[in-house]
Amino acid sequence: MTMRPITFFRAGSIDDAVAAVSANPDSAFLAGGTTEIDLLRLGVIQPTLLVDVNELPLTYLEDTESGGVRIGAMARMSDVARAPRIVERYPGMSQALLLGASEQLRNMASMGGNMCQRTRCAYFRDGRSPCNKREPGSGCSALNGVNRGHAILGTSDQCIATHPSDVAVALVALDATVRTMGPDGIRTIPIEQFFLRPEDTPSVEHPLEHGELIVAIDVPDLPVARASRYVKHRDRASYEFALVSVFSAMRVDDKGNVAELRLALGGVGTVPWRAHRAEEALIGRPATPENFAAAADAELADADTRPMNAFKVTFAKRAIVRELSQVVTS
Amino acid sequence: MSPVLGKPVNRVDGPDKVTGTGRYCGEIVLPGLAYGLIVGADVAKGRVVSIDESAARAAGGVYGILTHRNTPKVANAPHLIPSLAGQPAPGESFFPMQDDVVHYWGQPVALVVADSLESAAHAAALLDITYEESPAVATIEDGRKSAYEAETLFGGLMPARDERGDVTAALAAAEVTVDASYRYAANHHNPLETSVTTAQWDGDRLTLWDSTMGVRASQLTVASLLGIPLSDVRVITHFVGGGFGSKAMVWPHVTLAAMAARHVGRPVRLTLTRPQSFTSNGHREEQEQRITLGAGRDGRLTAIRHQKLSITSSFDDWAEPATGVSTQIYGCDNYLGSHSLIKGNTMTPTFTRAPGESLGSFSLETAMDRLAYELGMDPVELRIMNHPPVDNHGNPWSSDGMADCLRRGAELIGWADRDPTPGVRQEGDNLIGTGVAGAGYPVAFMMPVQHARARIFNDGSVVIQTSAQEFGIGVTTSMSQVGADGLGVDMDVLRFEAGDTDLPNTTSAVGSMGATMQSSAVHNAARTLRNELIAHAVADDKSPLHGLSPSSVRVADGRMTSTLDPSISESYADMLQRNRLLDLEALGSWTPPPFTTPHGLLTFGAQFAEVAVDKDLGLVRVRRMAGVFAPGRVLNPKLARSQLLGGMLWGLGQALLEGNQIDRQSGRWALNNLGEYLVPVHADIPDIQVEFVEVEDDVVGPLGVKGVGEVGQVGAAAAIANAVFHATGRRMSELPMTAEVVMNGGGAG
Ligand SMILES: Cc1cc2nc3c(=O)[nH]c(=O)nc-3n(C[C@H](O)[C@H](O)[C@H](O)COP(=O)(O)OP(=O)(O)OC[C@H]3O[C@@H](n4cnc5c(N)ncnc54)[C@H](O)[C@@H]3O)c2cc1C
Ligand code: SF4
């Protein structure tokens with residue numbers, strides 16, 4: 001039996017893992033493998049060394065001193081989704097996790113791996129079409145191809161791939177922080193800076209050094225998130241990535257004005273999309289359907305569409321208005 | 001009443017399947033087995049310029065590589081004929097790797113054989129193939145200007161045009177007309193088991209384990225292409241993991257497996273990968289349809305014009321025939337059905353569950369719904385009123401039941417309380433609606449004589465044999481029931497053997513004809529043996545039945561009993577043992593009625609659906625479905641229900657999710673896996689009711705069995721679309737009805 005040889009190394013400590021990957025430019029971390037092994041089999045990535053991080057002591061879920069929660073990078077999606085402190089304090093995040101993938105996949109998939117999952121763009125995944133993300137400079141087949149599922153926000157003329165994660169949508173809304181360990185030690189990256197828009201370098205998706213390991217995700221204390229929600233709209237009722245998804249957490253004061261709002265979108269952006277414009281348009285204003293609609297318009301104003309995905313603009317606006325209206329009534 | 005026929009017997013092969021002991025064709029282990037992998041062309045049109053095999057060969061583990069340079073030439077050019085006809089049945093009039101020309105993306109250009117699937121995959125990736133690419137026509141849009149009206153379909157077997165009366169004049173004179181255009185995306189079969197063939201040579205004799213819907217078709221096709229005697233080819237197929245039409249024809253990989261096995265001097269297993277299953281066994285073609293109805297104010301149809309445009313390969317005039325139901329399910333003196341084609345760079349499309357009629361009926365049944373609204377008539381009543389007692393040639397139906405299906409379905413879905421006004425029922429964010437569609441599927445007598453064998457041993461045990469294979473529909477079970485019923489024995493003493501060309505011939509179980517053909521042959525074999533056994537007994541002076549007229553002997557539980565005096569009886573086994581007969585066997589055959597039999601031949605049904613449509617986002621969820629069908633005698637209601645329910649779910653998938661398109665830049669199918677080519681998952685599946693209307697049919701075979709394999713899908717999508725209209729007031733003219741189609745008013749048409 002002959003194949004492309006791959007060395008498998010099970011790291012016993014965080015330092016070993018970081019050292020092993022840092023030392024070999026063709027290496028990669030292996031967590032649950034639900035993205036990594038898929039892409040390996042498809043021939044999209046060709047690492048020669050896989051460093052397994054499943055044994056590392058990173059499966060914890062604990063309170064931080066400032067009242068937030070620290071989620072170990074190796075905590076499984078299904079465990080995080082059902083942890084009481086997540087369900088109580090960040091229900092929208094729990095929902096986002098449970099609406100992703102399938103239970104079997106969630107049992108394997110880790111939170112760190114989820115942050116680094118790759119786009120589902122079929123041209124990226126086929127391993128052969130021109131694709132700037134996979135092969136910089138080769139072109140983007142999706143621009144004039146089958147792009148119904150592609151992004152309309154945060155695009156560039158180099159890449160319009162949608163970021164697929166659900167839970168990351170919740171995390172950008174919650175202002176989470178990614179903690180990493182690299183050759184130079186620990187650092188923290190605000191989550192919105194962790195996801196890079198394609199711009200001229202779609203192959204660079206994160207500010208991580210090669211060999212830098214995500215060790216945890218910190219979610220800050222956020223009372224308004226106790227009433228957060230995540231809704232995922234898709235063609236079939238389960239087991240599909242979002243056409244459009246919405247994370248929302250809103251507090252309306254006793255005058256009927258929006259006092260606090262966290263809003264983020266999935267399925268439409270090249271990165272998990274924090275709806276800053278909509279938030280700004282609403283905070284301090286009356287929580288009315290008209291204002292919700294104006295905020296949704298503002299968020300989608302710069303949408304970059306193609307004939308197959310143009311429907312997402314109206315779709316997303318309506319989804320936003322509906323979510324915010326429901327938060328008010330509930 | 002038979003103690004076994006018509007009973008909801010559990011699958012006799014169920015335990016083999018759920019425990020994994022049943023061997024599928026890709027699980028046959030042979031000494032020295034090698035593994036093949038096809039390499040498909042990376043352009044949709046052009047020429048292979050060079051193939052550098054050096055890196056692939058150096059990778060190790062490689063036994064051989066076939067390309068156009070060293071693949072043997074086929075002995076007879078393939079000529080597409082539906083496998084039901086019982087002749088060689090290549091899926092396309094083309095065999096790959098005979099020259100350097102590429103006609104479609106994914107066309108086999110090389111076949112790597114190695115010591116493991118992984119080695120083969122690695123070597124295949126290292127093959128360096130260069131192409132000269134020319135502009136391809138891969139979609140209707142690419143080739144619209146070159147469309148022509150086809151004269152015949154299916155290798156000349158069927159006329160492409162069906163005309164009677166004067167449609168133009170009748171439409172001009174009609175008091176009411178409906179004119180609707182449709183766009184339908186391509187569909188793929190996606191059985192769980194992708195096609196696989198294991199090939200082994202023993203001298204000049206070839207054995208194939210082939211995941212096929214017709215062992216005989218595989219045998220005939222491979223023998224013809226290789227130019228070897230039919231008697232030297234044996235095809236064995238004990239389990240197939242679904243076909244849905246993808247295994248109805250014999251595609252090139254089957255013969256390539258045999259060629260590869262000869263080339264490397266070892267048995268070879270050749271499995272299609274999931275992506276290859278999108279480019280190697282046909283598909284339901286991308287198509288457009290237009291239907292124009294003319295009617296009087298009283299609702300009587302006076303004219304139907306039904307036109308289809310689709311894209312086919314460069315070598316076959318293939319279109320799934322869309323007008324076989326629309327020409328006859330409703331009476332109409334002026335009719336025109338026609339098929340236009342574009343020749344392009346796709347492989348030849350093929351049968352895909354309810355071929356032609358599922359989409360043809362979508363056009364017809366949504367147009368009928370428009371007509372009902374146009375006239376202010378109830379859609380159920382409009383259909384019942386237009387359903388004629390005779391077919392389009394004036395022949396009586398072999399059996400009908402359509403009106404009863406519609407009435408019963410209406411009861412099940414609660415039609416009586418329905419307010420026909422569209423767009424007025426809202427629950428939360430959803431608009432609610434219900435819809436109906438008629439269903440019909442042709443019974444096609446184009447097969448040769450069918451054979452089966454029944455054999456009884458002197459301990460009373462029985463073996464029934466025919467070559468048909470089990471591909472999930474339950475033949476093993478239903479034919480055990482038919483055999484037991486015909487012979488008058490308990491199912492426990494009987495074994496049904498099938499899936500082997502060494503057994504008496506039955507034709508590919510396609511076109512919803514499997515149960516009809518096999519049950520007829522099996523029934524006749526079992527009856528013949530029963531009659532021989534009785535004849536022996538009444539002629540045997542030691543038998544208590546001696547001297548009785550054979551017609552006054554009945555058999556149950558393997559015991560022959562006088563109908564005049566139940567105390568006079570003898571078992572088959574006792575009679576055989578006393579006469580020192582080790583066994584007794586009989587062949588049975590069934591000659592189908594001629595293709596032109598003077599009867600209308602359709603299986604009828606009715607479909608109802610209730611949907612919830614997101615009023616803002618256009619997402620459709622089906623909440624309830626009810627299907628009522630009249631398939632003649634039901635051999636096993638449990639199995640028949642599964643078939644019909646599966647068909648209805650196919651209809652749901654076709655309505656809402658399933659659709660592929662060719663990427664116009666590369667000529668390649670955009671979706672090539674089950675993550676992206678969406679089929680319904682459990683969460684999409686509503687409460688479904690399936691019922692039968694009993695009809696007797698003495699034309700379609702000795703047992704009166706019509707098929708249930710496809711009619712369950714016909715009309716299901718149309719009922720959903722009509723329900724979406726009832727919910728939203730929007731007419732759907734595109735499939736699948738994705739959110740944007742519904743949101744934007746129903747599609748481009
Ligand atoms: C069929 C299918 C459906 C899916 N549907 C959804 C969905 O609906 N919603 C959704 O959100 N997701 C979905 N997913 C994606 C799934 O959530 C991700 O594959 C998963 O979260 C990845 O985690 P993993 O542990 O398996 O990572 P792996 O596959 O092991 O790794 C993924 C990537 O992350 C890197 N990596 C892993 N851990 C670390 C770390 N600690 N530090 C730095 N780099 C790391 C790896 O090197 C690799 O590049 C789906 C996946 C599949 C296969
Ligand atoms: S959208 Fe991005 S990932 Fe997809 S083909 Fe273009 S560059 Fe590649």
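Residue numbering restarts at 1 for every chain, and letters A, B, ... go by the order of the sequence lines. Note that the structure is predicted; figures quoted are calculated from it, not measured.
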- [ ] Over 60° means perpendicular and under 30° means parallel, so classify the ring planes of B/His188 and B/His283, tilted if in between.
- [x] tilted
- [ ] Compute the centroid of each ring, for A/Phe315 and then for A/His233, and state whether the two points are separated by less than 6.0 Å.
- [x] yes
Open item on the list: Counting heavy-atom pairs closer than 4.5 Å to chain A, which one of B/Asp616, B/Asp663, B/Leu617, B/Asn672 comes out on top?
Closed with: B/Leu617
- [ ] Please state whether the side chain, the backbone, both or neither of B/Arg664 comes within less than 4.5 Å of a heavy atom of chain A.
- [x] neither
Task: Non-hydrogen side-chain atoms of A/Asn309 and B/Glu740 separated by less than 4.5 Å - done: no
Open item on the list: Which one wins on heavy-atom pair count under 4.5 Å against chain A: B/Asp614, B/Leu126, B/Leu656?
Closed with: B/Asp614
Open item on the list: If you define the side chain from C-beta out and look only at heavy atoms, does anything of A/Asp126 sit under 4.5 Å from A/Leu42?
Closed with: no
Task: Most contacts with chain B, counted as non-hydrogen pairs under 4.5 angstrom, among A/Phe241, A/Tyr123, A/Tyr239, A/Phe311 - done: A/Phe311
Task: Close aromatic pair by centroid cut-off 6.0 Å: A/His163 and A/Trp273 - done: no
Open item on the list: Test your reading of the model: is there a side-chain donor-acceptor pair from B/Asn345 to the backbone of B/Val137, 3.5 Å cut-off?
Closed with: yes
- [ ] Tell me, for A/Arg41 versus chain B, whether the close heavy atoms (under 4.5 Å) come from the side chain, the backbone, both or neither.
- [x] neither
Task: Structural part of B/Leu652 lying under 4.5 Å from a heavy atom of chain A - done: neither
- [ ] Specify which of A/Lys312, A/Arg148, A/Glu240, A/Arg234 makes the most heavy-atom pairs with chain B at under 4.5 Å.
- [x] A/Arg148
